[in-house]
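Below is one structure, written out as structure tokens, with a few remarks after it.
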Amino acid sequence: MKKRMAMLVLAGLVAGMMSSAVMAAEDSDKAYVQEKGTLVVGITDFEPMDYKNEDGDWVGFDADMAKAFAEKLGVEVEFVEIDWDNKILELDGKTIDCVWNGMTLTDEVTSAMDCSNAYCDNAQVVVLPQDKAEEYKTVEDLAELNFAVEAGSAGEAEITALEYNATPVKAQSDALMEVAAGTSDAAVIDALMAGAMVGEGTGYADLTYTLSLNSEEYGVGFRKGSDLVEELNAFFAEAYEDGSMLKIAEEYGVQASIIEQKAE
């Protein structure tokens, strides 16, 4: 009888340990991603961070870094274009595993997600037709304009704070098209995107970017409580130390904006 009781107690302890292990795995984003074999990255079309090359493959500074991080985790990377305004819903609903797309670390973002260390400096800048830029030299001069802004973006937040007229669009690239087509007077987009897509030698040679409305930093967002945040911060520190991060940054012309990464 005593032997049977001891066996039952032992079985109970083993079952409890196994249950705890299962619960721990369920609570671990790293285990979840590795079990399914993919890191699903939420993005928008945002050169030079995430955009498609001539072969239709996603490339860019963020895209290439995400590929390298997925490789370190031992999984494949999958890029999913999302509605930027719904990024938090997509993340919490597990249709994506992270938001990695030149995402500004705003109060809204950091309160809704667990975020990596900042890795890149940025600003929101005003894009105008070149032949009109001289007319708008101060923020106050912009009051009469109608702006195209990406819905849910830091650019939209800046224009809303100024109480200027804004037309939300799906992506920053759409905001540029609005200005080029003359359906909006100006756009507010990320400086890094403006540097890559506006001016001489680009597809928007007749546009230019002028005033900076703020200064900000980029980070990668994960679900609240995700253990992938610590994993990514360590990866960033290693990639900065061994030079691979700056090598990728140089390929896309964003090296001057990279923030030094240190091991925690």
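Numbering starts at 1 and runs along the sequence shown. Source: prediction; values computed, not measured.
Looking at heavy atoms from C-beta onward, M65 lies in side-chain contact with I248 at the 4.5 angstrom threshold. Between I259 and D121 the shortest side-chain heavy-atom distance falls below 4.5 Å. In this structure, the side chains of Y164 and V139 come closer than 4.5 Å at one or more pairs of heavy atoms. A heavy-atom distance below 4.5 Å is found between the side chains of D64 and Y252. Contact check for W58 versus I43: side-chain heavy atoms found under the 4.5 Å cut-off. Using a 4.5 Å heavy-atom cutoff, the side chains of L228 and C98 are not in contact. Taking the side chain as every heavy atom from C-beta outward, V188 and L213 approach each other to under 4.5 Å. You'll find the side chain of M193 reaches within 4.5 Å of the side chain of S173, heavy atoms only.
In this structure, K87 and G152 approach most closely via the heavy-atom pair NZ-O, 3.3 Å.
Under a 4.0 Å N-O distance rule, the pair D85/K170 does not qualify as a salt bridge. Using a cutoff of 4.0 Å between basic side-chain nitrogens and carboxylate oxygens, D57 and K67 are not scored as salt-bridged.
With rounding to the nearest 0.5 Å, the separation of OH in Y209 from CG in L128 is 13.0 Å. Between E230 atom CD and N117 atom CG the span is 10.5 Å, to the nearest 0.5 Å. Summarising the geometry, atom CE belonging to M103 is positioned 13.0 Å from atom CG belonging to N122; distances are rounded to the nearest 0.5 Å. Distance check: K36 NZ to E78 CD gives 7.5 Å after rounding to the nearest 0.5 Å. Between the CG atom of D174 and the OG1 atom of T44 there is a distance of 9.5 Å, given to the nearest 0.5 Å. Expressed to the nearest 0.5 Å, how far CD of E200 lies from CG of L207 amounts to 13.5 Å.
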Working for side-chain contact (heavy atoms from CB on, under 4.5 Å), residues E150 and I189: CA-CA 8 Å; E150 181 183 45; I189 66 171; over 6 Å; no
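Environment of CG in D242: crowded, with over 12 heavy atoms of neighbouring residues, nucleotides or ligands closer than 6.0 Å.
Between the side chain of S116 and the main chain of V220, a donor-acceptor pair closer than 3.5 Å is present.
Relative orientation of the F69 and F235 rings is tilted, given thresholds of 30° and 60° on the angle between their planes. Using bins of under 30°, 30° to 60° and over 60° for the plane-to-plane angle, the ring pair Y218/Y119 lands in the tilted bin.
Checked by atom type, the side-chain pair Q130/T208 shows no donor-acceptor distance below 3.5 Å.
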